[in-house]
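Notes follow the structure.
Side chains included, hydrogens not; waters and symmetry mates left out as well; all remaining heavy atoms used. Note that the structure is predicted; figures quoted are calculated from it, not measured.
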Amino acid sequence: GAPSRNVDFMLKDKVYCGLCGMRINGDSGTSHTGAKKYYYTCSNKKRFRKCDKASIKKEELEKIVIDETVKLLSDPENISKIADEIIALHSQITREQSVLHLLQDERAKIQTTLNNVMRAIEEGILTPTTKARMNELENSLADINIKISAEEAKLESHDKMIDIQIP
């Protein structure tokens, strides 16, 4: 049967078959008494009948996962590793969304425009306007390089300061 839309399969899109590696999906069936039963079933078994992995009751598999998660989170060493990963990920996201990233994007655009002006000059299109535009772009590039250097220095000093200690 098809899984009920009203039932929360908390492991949806997170579990793979240990036999064939295909995704395990939420599934449902009706017992001889008419009661609805919920399972996780290998998609390779359900769709193609090419896997021998038995379906597992929804509650059983979710309980196993919850119990193992609690065990993992009860170990201080694991908590420390998880915290380190979260800090590293946060640092990466902060860097990607930082002013530095925006400045680097802007520098790339200026450089592309400058390259186009240079190409025009190389093809013999040298007018007071192209010369003025080239000077303007070169000044913008110099300014943005200074801003990028300052932002990089700020980020380096920030990275050195991140040292969280929990008593």
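- A donor-acceptor pair under 3.5 Å links the side-chain atoms of S43 to the main chain of R23, judged by distance alone.
- Checked by atom type and distance alone, the side chain of Y40 never pairs as donor or acceptor with a backbone atom of V15 at under 3.5 Å.
- Between E62 and K58 there is a salt bridge, with a side-chain nitrogen of the basic residue lying less than 4.0 Å from a carboxylate oxygen of the acidic one.
- Residue K45 comes nearest to D52 through the heavy atom pair NZ-O, 4.4 Å, listed as atom of the first residue, atom of the second, then distance.
- Here the OG1 atom belonging to T41 is positioned 13.5 Å from the CZ atom belonging to R47, to the nearest 0.5 angstrom.
- Residues T113 and L137 approach most closely at CG2-CD1, 3.7 Å, considering heavy atoms.
- Remark: I24 CD1 to N44 CG distance equals 9.5 Å, nearest 0.5 Å.
- With S91 contributing its side chain and I87 its backbone, the two residues share no donor-acceptor pair below 3.5 Å.
- Side-chain contact between L100 and Q104: present, with at least one pair of heavy atoms (C-beta onward) separated by less than 4.5 Å.
- The two residues K37 and S31 make their nearest non-hydrogen contact at CE-CB, 3.9 Å.
- One distance of note links CD of E138 with CZ of R133; it measures 11.5 Å at 0.5 Å rounding.
- In this structure a side-chain-to-backbone donor-acceptor pair under 3.5 Å is present from N78 to L72.
- Remark: L103 CG to E152 CD distance equals 9.5 Å, nearest 0.5 Å.
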field: Test log, rule side-chain contact (heavy atoms from CB on, under 4.5 Å), inputs K71 and D67
entry: CA-CA 6 Å; K71 249 194 264 179; D67 290 349; 5.6 Å; no
Worked verdict on K81 versus E85 for side-chain contact (heavy atoms from CB on, under 4.5 Å): CA-CA 6 Å; K81 287 178 188 173; E85 287 297 319; 5.7 Å; no
message: What verdict does the side-chain contact (heavy atoms from CB on, under 4.5 Å) test give for N25 and K46, after you've listed the backbone C-alpha separation in whole Å, the side-chain angles of each residue and the deciding distance to 0.1 Å?
response: CA-CA 9 Å; N25 294 321; K46 181 141 176 105; over 6 Å; no
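- Distance alone, capped at 3.5 Å, is enough to place a donor-acceptor pair between the S149 side chain and the N145 backbone.
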message: With salt bridge (charged side-chain N to carboxylate O under 4.0 Å, His left out) as the criterion, how do K63 and E60 come out once you've worked through the C-alpha distance, each side chain's angles and the decisive distance to 0.1 Å?
response: CA-CA 5 Å; K63 183 177 181 342; E60 277 181 33; over 6 Å; no
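- Residue K53 comes nearest to C42 through the heavy atom pair CB-CB, 4.5 Å, listed as atom of the first residue, atom of the second, then distance.
- Between atom CG of residue L61 and atom CD1 of residue I66 there is a gap of 10.0 Å, rounded to the nearest 0.5 Å.
- Neither Y39 nor I64 shares a network with the other; the hydrophobic side chains, linked directly or stepwise wherever heavy atoms of I, L, V, M, F, W or Y lie under 4.5 Å apart, form separate groups for each.
- Crowding of K14 atom NZ: a count of heavy atoms from other residues, nucleotides or ligands under 6.0 Å exceeding 12.
- Between T130 and T127 there is a side-chain heavy-atom pair separated by less than 4.5 Å.
- Cluster annotation: V70 is not connected to I79 through the hydrophobic network of ILVMFWY side chains, with a link wherever side-chain heavy atoms come within less than 4.5 Å.
- Salt bridge status for R119 with E123: absent, with no side-chain N to carboxylate O gap under 4.0 Å.
- Atom-to-atom distance recorded for L114:CG and N135:CG is 10.0 Å, nearest 0.5 angstrom.
- Of the listed residues (I144, I148, L141), just one forms a side-chain contact (heavy atoms from CB on, under 4.5 Å) with E106, and that residue is I144.
- Annotation for T69 and V65: closest pair OG1-O, 2.7 Å, computed over non-hydrogen atoms.
- Of all heavy-atom pairs between G21 and Y16, the closest is O-CD2, 3.5 Å.
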